Amino acid sequence: MNALRAELLKAVTTRLLLWFGVGLLALLVLVLSIHLGSNDPDTLRELSTQRATMAFGGIAAIVSVLIGSMLVTAEYAHGTINQSFLAVPVRGRLLGAKLVAALLVVLGLALAADAATLLLAELWFHGRGLTLHLSRETLAPLLGVVGASLLAGGIGVGLGALVRRQTATIVAILLWLLIGEGVITTAGDVARFAPGHALGAVVAAHVDGSRDVLGVWGAVSVGLLYVAAFCAAGFLVVLASDVPSGGD
């Protein structure tokens, strides 16, 4: 618990988390304004459109994987990882504390993203003289945002522990999201099992899947496998290293 409290304190007192939050809010304002401002009223009245609007909070998952990775790599970049290992000699315990701290932080971020998405959508619909229907059908993606963000945060922690270099980890994440996910789309049915596609399916929260998109529970299972794989690989690398390495 002391290690967890220390990791949470590190996470919430860094300015970087504040900037991530501000950036997430700015992106939500931008994409929701474009989406809701460019569609005609008849389209916005459709429940499918309103459901899709709630899914824009899934941007939080992108921020979550970056936060998860940086909670690990920041210590290597700033050279404080040695002090952390001295304070918590059992490395597995420290890594576990970082993982739990990351999950708690991204949980708060996802809930804030959901609240911001709901508020912005309500303001836009009210401003255009429309009614935003709040039901299980339209609100399901809000739960998907929370699930996808938690999975993304866990993947980020594992990837950060595996690479341990802050710049390299961030570049790898962004390149995969911007290029890798697009390239793997050409692989056919297998593309739906890619990390980004799976997390996107969690956000979409459709019970039944299709040839291109997994159902929500299948996507959650795939996401958990990614979390387990990255964390296992990353934690083994850290546990096996004699001298902490990393930095930029």
Side-chain angles (χ1 to χ4, degrees), residues 24 48 51-52 54-73 95-96 98-111 113-114 117 136-137 139-163 169-238:
L24 174 59
S48 59
R51 180 188 176 99
M54 296 299 109
F56 276 99
I59 296 173
I62 300 175
V63 178
S64 294
V65 70
L66 293 172
I67 290 176
S69 68
M70 295 188 72
L71 287 181
V72 179
T73 58
L95 293 171
K98 287 185 177 294
L99 176 59
V100 175
L103 295 179
L104 291 175
V105 169
V106 300
L107 173 61
L109 185 77
L111 292 175
D114 279 345
T117 301
R136 180 183 298 181
E137 172 67 20
L139 295 179
L142 296 181
L143 293 176
V145 169
V146 174
S149 297
L150 290 172
L151 292 170
I155 292 172
V157 171
L159 185 60
L162 182 63
V163 180
T169 304
I170 294 173
V171 169
I173 291 171
L174 294 179
L175 284 178
W176 177 258
L177 291 175
L178 295 174
I179 301 175
E181 288 286 331
V183 171
I184 204 171
T185 300
T186 62
D189 294 353
V190 72
R192 59 183 177 165
F193 296 100
H197 283 66
L199 294 182
V202 175
V203 173
H206 292 295
V207 176
D208 298 320
S210 66
R211 181 178 178 179
D212 299 319
V213 181
L214 293 171
V216 62
W217 297 117
V220 168
S221 299
V222 171
L224 287 172
L225 288 175
Y226 277 116
V227 173
F230 277 107
C231 284
F235 289 10
L236 284 174
V237 167
V238 173

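Given the structure is predicted, the values throughout are model-derived calculations rather than measurements. The figures here come from the full heavy-atom set of this structure, side chains too, leaving out hydrogens, waters and symmetry mates.
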Donor-acceptor pairs under 3.5 Å, side chain of residues 169-184 to any protein atom, not counting sequence neighbours: which ones?
from: T169; atom 1: OG1; to: R165; atom 2: O; distance (Å): 2.7
from: W176; atom 1: NE1; to: E181; atom 2: OE2; distance (Å): 2.5
from: E181; atom 1: OE1; to: H197; atom 2: N; distance (Å): 3.3
from: E181; atom 1: OE1; to: H197; atom 2: ND1; distance (Å): 2.5
from: E181; atom 1: OE2; to: G196; atom 2: N; distance (Å): 2.6

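For the atom pair CG (L224) and CG (L150), the distance works out to 10.0 Å, reported to the nearest 0.5 Å. Note that CG of L162 and CD1 of I155 are 12.5 Å apart. Values are rounded to the nearest 0.5 Å. A distance of 12.5 Å separates CG in L143 from CE in M54, rounded to the nearest 0.5 Å.
Side chains of Y226 and L159 form no contact here, defined as non-hydrogen atoms less than 4.5 Å apart. The shortest distance between side-chain heavy atoms of L151 and L199 falls below 4.5 Å.
Partner of V157 under the side chain to side chain contact (heavy atoms under 4.5 Å, CB included) criterion, out of V100, L103, V227, V72: V72 alone.
Shortest non-hydrogen contact noted between L99 and G154 is CD1-CA, 3.9 Å. When all heavy atoms of L109 and S64 are compared, the pair lying nearest together is CD2-OG, 4.0 Å. Looking at every heavy atom in both residues, A61 comes nearest to A152 through O-CB, 3.2 Å. Residue R192 comes nearest to L214 through the heavy atom pair O-CD1, 3.4 Å, listed as atom of the first residue, atom of the second, then distance. When all heavy atoms of V222 and A198 are compared, the pair lying nearest together is CG1-CB, 3.9 Å. Heavy atoms only, all atoms of each residue included: A55 and V203 are closest at O-CG1, 3.5 Å.
Side-chain atoms of K98 come within 3.5 Å of backbone atoms of L71 as a donor-acceptor pair (strictly under, hydrogens ignored).
Applying the side-chain hydrogen bond (donor to acceptor under 3.5 Å, both in side chains) definition to pairs two or more places apart or across chains, none involves residues 145-162.
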